[in-house]
Amino acid sequence: MLDIQLLRKDLPAVVAGLARRGVTFDEAAFRALEDERKVLQTRTEELQAKRNALNKQVGMLKSKGEDASEVLAQAGGLGDEVKANEAALAALQERLNAFLRVIPNIPRPEVAAGASSDDNVEVRRWGEPRAFDFPVKDHVDLGAALGGLDFDTAAKLSGARFSVLRGGVARLHRALAQFMLDVHTREHGYTEVYVPYMVTGECADGVSSLAKFRDDLFKLEGRDLYLIPTAEYPVTNFVRDTLLEAKDLPLKFVCHSPCFRSEAGSYGKDTRGMIRQHQFDKVEILQVVHPEKSAEAHEALTGHAQAILERLGLPYRTMMLCTGDLGFSSAKTYDLEVWLPGQQAYREISSCSNFEAFQARRMQARFKGGDKGRPEPVHTLNGSGLAVGRTLVAVLENGQQADGSVTVPPALVPYMGGVERIARA
RNA sequence: GGAGGGUUGGCCGAGCGGUUGAAGGCACCGGUCUUGAAAACCGGCAACGGGGAGACCCGUUCGUGAGUUCGAAUCUCACACCCUCCGCCA
């Protein structure tokens with residue numbers, strides 16, 4: 001969430017920052033809550049101080065064996081008054097907190113203003129889309145012809161937006177995840193982690209707003225547990241409620257996990273194929289860094305994701321999301337879009353974000369030993385490196401041959417046991 | 001599922017219902033000593049919120065929430081989590 005100190009000190013800056021992403025900050029509501037809080041807090045603390053002073057006297061008198069009945073008489077009824085004020089203050093702070101926790105992050109100044117994905121800015125383009133001398137198929141037709149992609153069986157098992165992979169295609173899926181993990185651990189300095197695929201509501205609210213996005217998640221019946229929509233949920237929470245040392249930073253983790261999303265708001269969107277599924281695998285890279293290093297780390301992390309696409313020979317472009325397309329917690333995001341010949345379009349395959357202190361404040365992730373004497377929130381970042389399912393789609397479509405077989409990218413051949421081409425068994 | 005034990009500061013760990021934000025240790029920071037380092041010794045060192053120009057002042061926090069009390073880390077109840085043993089099990 002936003003820094004309450006900033007809201008108190010420079011409300012116009014917050015209002016202006018949020019306005020850039022199309023969010024209207026309710027100044028009147030905030031001011032009313034704050035004014036009420038101030039009055040109530042001051043009164044409560046005065047009463048507490050009075051009670052404490054009297055109690056201290058009682059303690060002194062009793063320990064000397066003297067009579068304390070006079071002081072006790074003064075304190076009579078004070079306890080209930082204090083309790084009533086404390087309860088009122090707690091309730092108000094709860095309201096203030098709820099108000100703050102649904103306010104999104106403020107975009108960094110260099111993020112272009114815009115209303116939707118139409119206003120995103122292309123900042124990089126790599127590779128030439130291949131020219132085909134035969135009619136291209138999309139991954140659904142390719143996969144079906146190879147006997148490796150089966151949506152009918154998946155539907156029988158679990159309904160729409162699931163897939164079953166077989167044979168060489170299933171192996172390709174596994175190979176991609178292994179390849180990504182190896183590159184990030186061996187060459188980019190990330191530590192591999194394996195994590196729970198369910199997290200508590202508190203964890204979910206640490207990375208984003210559970211109140212706002214509860215419907216996007218699958219929840220376990222009767223329990224405070226949610227299936228993770230990305231490894232960001234468990235891994236970022238490694239540092240929840242912790243006080244790190246400056247010398248421990250940066251922390252860099254890579255995690256391969258399944259991701260579960262209800263896709264509640266995307267009825268009728270990307271219904272064909274495995275572009276948008278309730279379950280997909282992703283290799284996520286994350287960093288926890290010193291506040292002054294996050295901008296630099298964001299560029300590096302995005303580069304790490306781009307490296308995977310380049311090693312696989314997949315043409316892509318890098319888009320800087322405009323203010324209006326930014327995720328709730330993000331201050332700046334680069335999306336990587338891979339070229340899909342079957343759609344004749346660039347499609348999102350990775351999203352790399354810098355959350356600055358937004359998530360750290362929500363989950364109390366701090367470090368000490370910086371320039372400031374006191375602990376301060378760390379900065380968190382993450383990105384897909386990459387979405388495995390969509391990478392599979394990209395490899396199939398970009399590597400397709402006239403006979404329906406698929407050429408395996410050279411970087412992946414060792415992970416395929418030497419297989420250079422996937423063909424119908 | 002059954003039976004016990006536990007949860008205190010960055011970490012470990014003590015704590016008769018009363019000047020306890022909390023002994024002691026570790027870690028960390030500064031100093032003495034030393035050619036330098038280590039050791040030893042001396043000193044410092046919780047977080048968060050509010051107020052103040054500032055030195056400071058006030059408040060909150062001992063798993064969470066209620067309760068008893070003038071007063072709770074300490075007593076009572078509920079809940080959560082962790083550990084051990086038994087049962088079940090990949």
Side-chain angles (χ1 to χ4, degrees), chain A residues 1-9 11 30-31 33-101 194-206 210 219-220 222-226 234 237-249 251 258 288 290 357 360-378:
Chain A
M1 59 184 164
L2 299 179
D3 185 359
I4 183 78
Q5 303 299 342
L6 181 64
L7 271 94
R8 288 181 184 143
K9 262 195 339 235
L11 191 55
F30 175 71
R31 284 223 170 83
L33 282 168
E34 258 294 280
D35 290 346
E36 199 183 334
R37 189 218 99 231
K38 215 175 259 183
V39 171
L40 196 49
Q41 183 163 353
T42 309
R43 188 167 71 219
T44 304
E45 291 185 358
E46 274 167 5
L47 285 167
Q48 287 170 329
K50 200 156 125 194
R51 180 200 58 191
N52 292 346
L54 287 172
N55 286 335
K56 210 168 240 187
Q57 276 187 51
V58 173
M60 268 191 280
L61 291 171
K62 291 232 169 173
S63 64
K64 286 191 224 156
E66 291 174 26
D67 176 38
S69 55
E70 200 177 308
V71 184
L72 261 109
Q74 282 185 60
L78 196 58
D80 289 339
E81 202 183 345
V82 168
K83 257 177 206 167
N85 274 277
E86 280 173 347
L89 181 62
L92 185 65
Q93 263 160 348
E94 195 58 44
R95 273 167 62 203
L96 190 58
N97 198 36
F99 177 88
L100 289 174
R101 284 187 89 85
Y194 169 83
V195 298
Y197 299 152
M198 305 165 203
V199 296
T200 63
E202 194 180 5
C203 287
D205 199 58
L210 187 57
K219 184 177 192 299
L220 268 71
R223 303 206 49 172
D224 177 36
L225 285 176
Y226 298 81
N237 275 284
F238 281 12
V239 293
R240 193 178 93 235
D241 288 324
T242 58
L243 185 52
L244 299 159
E245 298 283 343
K247 62 171 157 44
D248 297 334
L249 303 175
L251 301 175
V288 176
H290 188 288
R361 263 185 238 108
R362 297 177 84 85
M363 62 174 77
Q364 294 268 53
R366 298 165 301 158
F367 77 102
K368 64 176 178 183
D371 313 328
K372 302 192 177 75
R374 54 178 49 218
E376 47 181 321
V378 295

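Please read all numbers here as calculations on a predicted model, not as lab measurements. By convention in this document, chain letters (A, B, ...) are assigned in the order of the sequence lines, proteins followed by strands, and residues within each chain are numbered from 1.
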For A:R37, answer base if it contacts any base atom (sugar-phosphate contacts may also be present), sugar-phosphate if it contacts only those atoms, and nothing otherwise; contact means non-hydrogen atoms under 4.0 Å.
sugar-phosphate
Using a cut-off of 4.0 Å on non-hydrogen atoms, how would the nucleic acid contact of A:Q5 be classed: base, sugar-phosphate, or nothing?
sugar-phosphate
Which atom names give the shortest non-hydrogen contact between [X] and [Y], and what distance separates them?
{"X": "A:E86", "Y": "A:T44", "result": "CG-CG2, 3.9 Å"}
{"X": "A:Y226", "Y": "A:T200", "result": "CD1-C, 4.2 Å"}
{"X": "A:L210", "Y": "A:A204", "result": "CD1-CB, 4.0 Å"}
{"X": "A:A360", "Y": "A:V378", "result": "CB-O, 3.1 Å"}
{"X": "A:L96", "Y": "A:L33", "result": "CD1-CB, 3.7 Å"}
{"X": "A:P375", "Y": "A:L243", "result": "CB-CD1, 3.6 Å"}

Rounded to whole angstroms, how far apart are [atom1] on [X] and [atom2] on [N]?
{"X": "A:Q41", "N": "B:U60", "atom1": "CD", "atom2": "P", "answer": "11 Å"}
{"X": "A:R223", "N": "B:C81", "atom1": "CZ", "atom2": "P", "answer": "7 Å"}
{"X": "A:D241", "N": "B:U7", "atom1": "CG", "atom2": "C1'", "answer": "15 Å"}
{"X": "A:L6", "N": "B:G49", "atom1": "CG", "atom2": "P", "answer": "14 Å"}
{"X": "A:D248", "N": "B:A27", "atom1": "CG", "atom2": "C1'", "answer": "12 Å"}
{"X": "A:R374", "N": "B:A46", "atom1": "CZ", "atom2": "C1'", "answer": "12 Å"}

Write down the distance separating the [atom1] atoms in [N] and [M], rounded off to the nearest Å.
{"N": "B:C70", "M": "B:G17", "atom1": "C1'", "value": "12 Å"}
{"N": "B:G63", "M": "B:A80", "atom1": "C1'", "value": "8 Å"}
{"N": "B:C62", "M": "B:C57", "atom1": "C1'", "value": "24 Å"}
{"N": "B:A73", "M": "B:G18", "atom1": "C1'", "value": "13 Å"}
{"N": "B:C11", "M": "B:A78", "atom1": "P", "value": "30 Å"}
{"N": "B:A40", "M": "B:G25", "atom1": "P", "value": "12 Å"}
{"N": "B:C28", "M": "B:C33", "atom1": "P", "value": "22 Å"}
{"N": "B:G9", "M": "B:A23", "atom1": "P", "value": "13 Å"}

Going through the distances and angles, do A:R374 and A:K368 end up as a side chain to side chain contact (heavy atoms under 4.5 Å, CB included)?
CA-CA 6 Å; A:R374 54 178 49 218; A:K368 64 176 178 183; over 6 Å; no
Any chance you could list the contact pattern along nucleotides 10-18 of chain B? Use B for base contacts, S for sugar-phosphate-only contacts and - for none, protein heavy atoms under 4.0 Å, 5' to 3'.
S-------B
Passes side chain to side chain contact (heavy atoms under 4.5 Å, CB included), A:M198 versus A:R223? Steps please.
CA-CA 11 Å; A:M198 305 165 203; A:R223 303 206 49 172; over 6 Å; no
Go through the structure and list residues passing salt bridge (Lys or Arg N to Asp or Glu O under 4.0 Å) with A:R101, not counting sequence neighbours.
A:D205
Contacts of A:R95 that satisfy salt bridge (Lys or Arg N to Asp or Glu O under 4.0 Å) - sequence neighbours left out
none
Under a 4.0 Å heavy-atom cut-off, which of residues 90-100 of chain A touch RNA chain B?
none
Let me see the working for A:V199 and A:N237 under side chain to side chain contact (heavy atoms under 4.5 Å, CB included), right down to the final yes or no.
CA-CA 9 Å; A:V199 296; A:N237 275 284; 5.9 Å; no
Determine whether a donor-acceptor pair (one donor, one acceptor, N or O, separation below 3.5 Å) exists between the side chain of A:K83 and the base of B:U68.
no
Does a side-chain heavy-atom distance below 4.5 Å link A:N97 with A:M1?
yes
Quick one: the dot-bracket string of RNA chain B, using Watson-Crick and G-U wobble pairs with both distances under 3.5 Å, [ ] for crossing pairs and | for bases paired to another strand.
((((((((.[[[..)..(.....]]].(((((.......))))).((((((....)))))).[[[[[..)....]]]]])))))))....
Would you compute the distance between atom CD of A:E376 and atom CZ of A:R361 and round it to the nearest 0.5 angstrom?
10.5 Å
Identify each atom pair where a protein N or O and an N or O of nucleotides 54-59 of chain B are less than 3.5 Å apart, giving names and distance.
residue, atom, partner, partner atom, Å
B:G59, OP1, A:N52, ND2, 3.3
B:G59, O3', A:Q48, OE1, 3.1
B:G59, O2', A:Q48, OE1, 2.7

Stepwise salt bridge (Lys or Arg N to Asp or Glu O under 4.0 Å) test for A:R37 and A:E34
CA-CA 5 Å; A:R37 189 218 99 231; A:E34 258 294 280; 2.7 Å; yes
Identify, between A:I4 and A:E86, the residue whose nearest nucleotide on RNA chain B lies closer to the 5' end.
A:I4
With side chain to side chain contact (heavy atoms under 4.5 Å, CB included) as the test, would you mind laying out the steps for A:F238 and A:V195 before giving the verdict?
CA-CA 10 Å; A:F238 281 12; A:V195 298; 3.7 Å; yes
